[in-house]
Amino acid sequence: MTSAANSSQDAFQLLVQTISDLQVFNLVSVASLALMVYDCAICLSTEYRLIWKSKWTRGKFLYLGCRYTVPVLIASCLPMQLMTDCPLPTAKAMYESKIWMAVIINLIPHVLMSMRTYAVYCGNKIVKWLLVALFFAEVITLTAVLLILSTKVKFSRSQMSGIPCILSISYVPQAPQLVSYIAAVSFAFIRDMLLVISLLRASVDRKKALMWIIFRNGICLHSIVQGAGSD
């Protein structure tokens, strides 16, 4: 009897701590979104004149993708984190839309970094097709993983009221998540190693300054976008 009571008390304390941590995470998410919206608002007039009124090009598409997809991702995740007592079908729909959008948005910096890598190799066809093959391998892997997660993730209704919708997730298989992580890291590692090799070769040719700027800015952009788009 005492053991069951202690177990229930531990579970309740874990729930309280989880909700407390989630509240902190929600505050950070809302603050980040507010900062991004503020930045977009104060730059809107200049951006409209220089970007929106220009012709559609790959550069414009990538700029707008990196500029606006992260705020959209954060905004799309907030309902599941802030809403409480969701019906299970609603919680499942929000979870599936969240993971699909997260993958799609996180692929944008991969495309940008791949284009940078291709550019520093001066259009080398071997590098081009290697990056294309790696990118599509990652897309196929992540799509398969998301399809598995859509069917394997389980939801359960809490007996308590006021519980955030995201806590209705009762089971998430670890293997698909591990596979998606390995796929993303492998692609990023190979691509970044190509950049490092190009940087080292450029340093021998005394072109280190330009190559270092491209490499540094690309890595910083990728890290910021990836960090902001993950939760």
Side-chain angles (χ1 to χ4, degrees), residues 36 47 50-52 54-74 96-150 173-231:
M36 293 179 188
E47 186 176 282
L50 299 178
I51 303 296
W52 287 98
S54 65
K55 294 181 179 180
W56 282 95
T57 61
R58 286 176 294 179
K60 179 177 179 178
F61 173 78
L62 289 171
Y63 169 82
L64 294 176
C66 293
R67 176 72 163 166
Y68 290 103
T69 49
V70 173
V72 170
L73 174 61
I74 296 177
E96 291 181 355
S97 64
K98 171 186 174 181
I99 59 175
W100 279 101
M101 185 172 293
V103 169
I104 293 172
I105 288 176
N106 285 329
L107 286 175
I108 292 177
H110 283 276
V111 173
L112 183 58
M113 288 291 293
S114 296
M115 292 179 67
R116 284 174 175 264
T117 304
Y118 177 65
V120 299
Y121 275 89
C122 302
N124 184 287
K125 291 185 177 181
I126 296 177
V127 173
K128 171 187 174 180
W129 291 112
L130 174 61
L131 292 172
V132 169
L134 288 171
F135 178 78
F136 279 103
E138 181 185 13
V139 170
I140 293 171
T141 302
L142 293 180
T143 301
V145 166
L146 292 182
L147 291 174
I148 293 173
L149 286 176
S150 298
Q174 297 299 314
Q177 291 185 312
L178 180 61
V179 170
S180 65
Y181 177 79
I182 292 174
V185 169
S186 299
F187 175 52
F189 176 78
I190 295 173
R191 185 199 58 227
D192 293 344
M193 285 301 99
L194 288 173
L195 281 174
V196 170
I197 293 171
S198 182
L199 173 65
L200 294 176
R201 291 171 57 187
S203 65
V204 175
D205 295 335
R206 298 184 179 180
K207 299 177 182 177
K208 182 176 180 180
L210 177 59
M211 289 300 304
W212 174 247
I213 291 172
I214 295 174
F215 177 71
R216 180 198 61 195
N217 292 353
I219 293 296
C220 289
L221 173 65
H222 183 267
S223 300
I224 292 172
V225 174
Q226 288 288 90
S230 61
D231 52 32

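The structure presented is a predicted model; accordingly, all values stated were derived computationally and were not measured.
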Let me confirm one number: the [atom1]-[atom2] distance from [X] to [Y], rounded to the nearest 0.5 Å.
{"X": "Thr143", "Y": "Glu138", "atom1": "OG1", "atom2": "CD", "result": "10.0 Å"}
{"X": "Leu142", "Y": "Leu147", "atom1": "CG", "atom2": "CG", "result": "11.0 Å"}
{"X": "Leu146", "Y": "Gln177", "atom1": "CG", "atom2": "CD", "result": "10.5 Å"}
{"X": "Asp192", "Y": "Thr117", "atom1": "CG", "atom2": "OG1", "result": "7.0 Å"}
{"X": "Ile126", "Y": "Leu131", "atom1": "CD1", "atom2": "CG", "result": "12.0 Å"}

*Without swapping roles, check the side chain of Tyr121 against the backbone of Leu194 for a donor-acceptor pair under 3.5 Å.*
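Checking the backbone N and O of Leu194 against the side chain of Tyr121, a donor-acceptor pair under 3.5 Å is found.
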*Within the side chain of Lys60, is there an N or O that forms a donor-acceptor pair under 3.5 Å with the backbone of Ile51?*
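It does hold such a pair.
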Can you find a pair of side-chain heavy atoms, one from [X] and one from [Y], that are under 4.5 Å apart?
{"X": "Leu64", "Y": "Trp56", "value": "yes"}
{"X": "Ser180", "Y": "Thr141", "value": "no"}
{"X": "Arg191", "Y": "Leu134", "value": "no"}
{"X": "Asn124", "Y": "Trp129", "value": "no"}

*Determine the minimum heavy-atom distance between Val145 and Pro176, stating which atoms define it.*
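Result for this residue pair: CG1-O, 3.3 Å.
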*Does OH in Tyr68 sit with more than 12 non-hydrogen atoms of other residues, nucleotides or ligands closer than 6.0 Å?*
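More than 12 heavy atoms, drawn from other residues, nucleotides or ligands, come within 6.0 Å of this atom.
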